[in-house]
Amino acid sequence: MVQIPRGTRDFVPEEMQKRRYLQQRMEATFRGYGYGEIQTPTFETLELFTAKSGASIIDELYNFKDKGGRELALRPELTAPVIRCYIERLQMAPKPLKLFYFGNCFRYDRPQKGRYREFWQAGCELIGTDTPEAHAELVALAYTILKNIGLQNIVLNIGNLHVISAMFEKLRITDAVKKDLLTFIDKSQYEDLNSALRSNDISQQDTEAFLEILQTPDLDKIMNYVHGHERAHTELTRLRGVMDLLKTSFGIPDPRVKIGIVRGLDYYKGLVFEIEAPVLGAEKQLCGGGDYELVSLFGGTQVPQAGFAIGFDRALLALETEQFTFPQPSLDVFIVPVTETTIPMALSVASQLRAQGLTVDLDLLRRGIGKSLKYAAAQHARFAVIIGPKEQEEGKVTLRNMIDGSQSSCAVADLTAAVFT
RNA sequence: GCCCGAGUAGUGUAGCUUGGUAACAUAUAGGACUGUGGAUCCUCUGUGCCGGGUUCAAAUCCCGGCUCGGGCCCCA
């Protein structure tokens with residue numbers, strides 16, 4: 001038997017119903033914040049992705065040569081393609097530019113729960129502003145999207161990469177060592193970090209202070225720790241501004257400062273944030289984003305950029321884990337021709353109702369009334385329309401309310417009105 | 001790419017240790033119900049991931065592959 005490729009999935013109607021629901025809710029929220037949709041190709045030149053991450057990235061993506069010998073790759077994420085498009089076509093667009101997207105992405109990873117080789121991302125890019133209110137609105141948007149799809153329990157963490165750099169400077173840690181330490185910080189492996197710092201001749205006292213600052217949500221403590229470092233001070237002041245806006249103006253109850261947020265990316269600079277769903281366990285991160293610099297790397301004129309991406313599949317998984325009840329697709333009318341002779345009339349009634357914009361299905365298996373009504377119930381039909389010889393003679397139909405079981409005789413012309421009430 | 005575990009009707013499971021005709025529930029289709037639904041009963045259809053080995057005989061034991069899941073690596 002031919003089977004589906006590793007790490008990919010089919011989505012049957014029941015699953016697509018949930019996915020579309022999710023996408024529509026997300027889209028409505030993006031639009032509510034003034035964002036416009038953008039779509040880029042499924043594959044790009046390989047160079048677009050190696051430019052910022054180096055050749056080592058090739059191990060993790062699907063790349064190939066086309067028949068003209070071009071080196072191409074299936075997109076592993078959407079920020080780089082969107083920025084490429086911005087440089088090609090949107091540099092002169094009025095600022096700030098707000099772009100959102102949905103798209104499938106591909107990574108050559110080992111699949112696990114919540115991790116697939118083809119997965120979907122929802123995300124956005126905000127180009128041309130980096131005021132605290134712009135950053136606060138961006139973070140609020142990410143948070144609001146996840147809340148609006150119905151998630152109950154999510155955690156928002158906000159950090160700043162300039163600050164953590166300042167912390168490393170303070171300890172005089174070299175870039176080579178820093179890289180190893182960042183791995184521990186990223187994974188919150190503080191005991192390993194502790195040993196690593198100690199073995200790099202950092203005193204016990206300094207190590208403890210460093211570890212405390214990484215984990216504390218207290219901005220004053222952090223401010224105090226990097227006292228005298230001008231850049232860090234500026235960034236922390238901005239961060240305080242963003243936090244205040246999130247709490248007061250955007251009404252987000254519990255944004256947390258976590259200076260230990262690292263993000264795996266090289267191109268983030270200042271603000272970084274993550275949103276996770278604790279219910280998901282190991283693969284709990286739902287969203288990541290921040291302030292970054294890609295436009296100039298790709299040859300465009302420098303401009304402030306920030307954005308985030310939401311793991312669409314994980315967001316859905318989190319909702320399901322929280323036992324969210326998704327809206328069920330329902331049918332307005334299911335038509336039951338009682339005998340073969342009434343099939344033409346049934347079809348014609350179906351056409352008329354469909355032309356009115358109703359969703360209509362009818363028995364195509366020539367089943368009995370009992371089985372047909374059972375099928376109609378399984379499709380969550382709101383009404384059944386029964387057409388037998390009696391009804392046909394009178395030019396009427398029997399309208400059955402599937403919710404309460406009540407029945408009445410109804411002229412075809414009055415059906416639409418009856419169903420809409 | 002590495003280590004570990006699992007794969008039996010569409011779905012969920014039993015049988016595997018100790019090899020001997022593959023079962024149950026549910027879902028689908030038909031019928032009981034000659035014109036009224038989520039109930040009940042009956043009937044049909046449908047199953048050993050793939051390939052090899054051992055054996056008179058393999059769902060069961062062995063090897064390889066594939067897929068899924070847990071842990072590494074990675075997560076731009």
Side-chain angles (χ1 to χ4, degrees), chain A residues 1-10 12 14 44 46 48-61 73-81 83 105-117 119 121 123 182-183 186-187 189 262-268 272 274 276 281-290 292-294 297 307 309 311 314 331 334-342 363-392 397-409:
Chain A
M1 193 175 71
V2 179
Q3 55 184 16
I4 192 167
R6 180 174 162 94
T8 66
R9 294 157 295 160
D10 295 312
V12 298
E14 191 190 342
E44 296 272 356
L46 178 63
L48 180 70
F49 304 113
T50 54
K52 66 179 162 131
S53 314
S56 61
I57 195 79
I58 295 177
D59 289 342
E60 283 138 44
L61 47 76
L74 299 181
R75 58 188 180 197
E77 49 110 16
L78 285 158
T79 297
I83 294 302
C105 300
F106 305 82
R107 293 184 191 178
Y108 197 86
D109 263 335
R110 180 192 161 285
Q112 297 179 42
K113 195 168 186 64
R115 250 177 112 164
Y116 309 94
R117 288 184 168 180
F119 59 98
Q121 280 194 343
L182 283 175
T183 309
D186 191 23
K187 293 179 184 170
Q189 295 173 346
V262 173
R263 308 286 304 141
L265 285 158
D266 315 318
Y267 59 75
Y268 281 106
V272 283
E274 294 178 345
E276 51 196 37
E283 301 289 342
K284 67 183 176 185
Q285 197 187 317
L286 290 182
C287 173
Y292 62 89
E293 179 55 59
L294 265 186
L297 181 67
R314 283 186 196 173
L331 204 56
F334 187 89
I335 303 175
V336 183
V338 179
T339 63
E340 283 183 35
T341 55
T342 61
D363 173 49
L364 297 172
L365 268 172
R366 303 188 176 184
R367 276 192 283 222
I369 290 188
K371 285 276 159 75
S372 283
L373 289 178
K374 188 176 169 183
Y375 180 81
Q379 308 308 310
H380 306 105
R382 293 167 53 226
F383 289 93
V385 164
I386 298 166
I387 304 176
K390 279 188 290 186
E391 286 86 351
Q392 193 168 32
V397 300
T398 297
L399 180 66
R400 182 181 177 86
N401 182 319
M402 295 293 282
I403 313 292
D404 61 23
S406 62
Q407 273 187 199
S408 60
S409 179

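Letters A, B, ... mirror the listed sequences (proteins, then strands); counts begin at 1. What you see below is based on every heavy atom in this structure, not just the backbone, and it leaves out hydrogens, waters and symmetry mates. Keep in mind the model is a prediction, meaning the values are calculated, not measured.
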Discussion item. Strictly under 4.0 angstrom, non-hydrogen atoms only: write out the protein contact profile of nucleotides 28-40 of chain B, one letter per nucleotide from the 5' end, B, S or -.
Written reply: -SBB---BBBB--
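- Listed by chain and number, the residues in a side-chain hydrogen bond (donor to acceptor under 3.5 Å, both in side chains) with Asn401(A) amount to none (sequence neighbours excluded).
- Between the Glu391(A) side chain and the Gly388(A) main chain, a donor and an acceptor come within less than 3.5 Å of each other.
- Using a distance-only test at 3.5 Å, with no hydrogens or angles considered, a donor-acceptor pair links the side chain of Asp363(A) to the main chain of Leu365(A).
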Indicate every side-chain donor-acceptor pair of residues 380-387 of chain A with a distance under 3.5 Å to a residue at least two apart or in another chain.
unit_1	atom_1	unit_2	atom_2	d
His380(A)	NE2	Gln328(A)	OE1	3.1
His380(A)	NE2	Gln328(A)	NE2	3.3
Arg382(A)	NH1	Asp332(A)	OD1	2.8
Arg382(A)	NH2	Val419(A)	O	3.1

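- Rounded to whole Å, the separation between the C1' atoms of A9(B) and C44(B) comes to 14 Å.
- In terms of the side-chain hydrogen bond (donor to acceptor under 3.5 Å, both in side chains) criterion, Gln285(A) has no residue partners (sequence neighbours excluded).
- Under a cutoff of 6.0 Å and an axis angle of 45°, Arg117(A) and Phe106(A) do not form a cation-pi pair.
- Pairing partner, G30(B): C42(B), with both Watson-Crick or wobble hydrogen-bond distances short of 3.5 Å.
- To the nearest whole angstrom, the two P atoms, one in U54(B) and one in C63(B), are 15 Å apart.
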Close N/O contacts between protein and nucleotides 64-68 of chain B (under 3.5 Å):
unit_1	atom_1	unit_2	atom_2	d
C66(B)	O2'	Gln3(A)	NE2	2.6
C68(B)	OP1	Gly7(A)	N	2.7
C68(B)	OP2	Arg6(A)	NH1	3.2

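- With sequence neighbours excluded, no residue forms a side-chain hydrogen bond (donor to acceptor under 3.5 Å, both in side chains) with Asp59(A).
- Partners of Gln392(A) by side-chain hydrogen bond (donor to acceptor under 3.5 Å, both in side chains), not counting sequence neighbours: none found.
- To the nearest 0.5 Å, atom CZ of residue Arg75(A) and atom CZ of residue Phe49(A) are 8.5 Å apart.
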Give every pair of a protein N or O atom and an N or O atom of nucleotides 42-47 of chain B that lie under 3.5 Å apart, one pair per line with the distance.
none

Worksheet item: What does nucleotides 5-13 of chain B look like as a protein-contact string, B for base, S for sugar-phosphate only, - for none, at under 4.0 angstrom between heavy atoms?
Response: ---------
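- Only the C1' atoms considered, U55(B) is 16 Å distant from U18(B), to the nearest whole Å.
- Partners of Arg6(A) under the salt bridge (charged side-chain N to carboxylate O under 4.0 Å, His left out) rule, at least two apart in sequence or in another chain, do not exist in this structure.
- When both distances must be under 3.5 Å, the Watson-Crick or G-U wobble mate of C24(B) is G12(B).
- Remark: C1' of C74(B) and CG of Leu182(A) are 16 Å apart, rounded to the nearest angstrom.
- Legend: residues meeting salt bridge (charged side-chain N to carboxylate O under 4.0 Å, His left out) with Glu44(A), ordered by chain and number and at least two apart, are Arg84(A).
- Each of Arg110(A), Arg314(A), Arg107(A) was compared with Arg115(A) under the side chain to side chain contact (heavy atoms under 4.5 Å, CB included) criterion, and only Arg314(A) meets it.
- With both ends at atom C1', the span from G30(B) to C62(B) equals 46 Å, rounded to whole Å.
- Using the Watson-Crick or G-U wobble rule with both distances under 3.5 Å, G1(B) pairs with C72(B).
- In this structure, U18(B) forms no base pair with any nucleotide, since neither Watson-Crick nor G-U wobble geometry is met with both distances under 3.5 Å.
- Between the P atom of C2(B) and the CG atom of Asp59(A) lies a distance of 14 Å, rounded to the nearest Å.
- Nucleotide U55(B) forms no Watson-Crick or G-U wobble pair with any nucleotide shown, as no partner meets the under 3.5 Å limit on both distances.
- Counting only residues at least two apart or on different chains, the side-chain hydrogen bond (donor to acceptor under 3.5 Å, both in side chains) pairs with a member in residues 365-375 of chain A are Glu340(A)-Arg366(A).
- G35(B): no Watson-Crick or G-U partner with both key distances under 3.5 Å is found in any strand.
- Contact check for Tyr292(A) versus Ile83(A): side-chain heavy atoms found under the 4.5 Å cut-off.
- To the nearest whole angstrom, the two P atoms, one in C61(B) and one in U17(B), are 6 Å apart.
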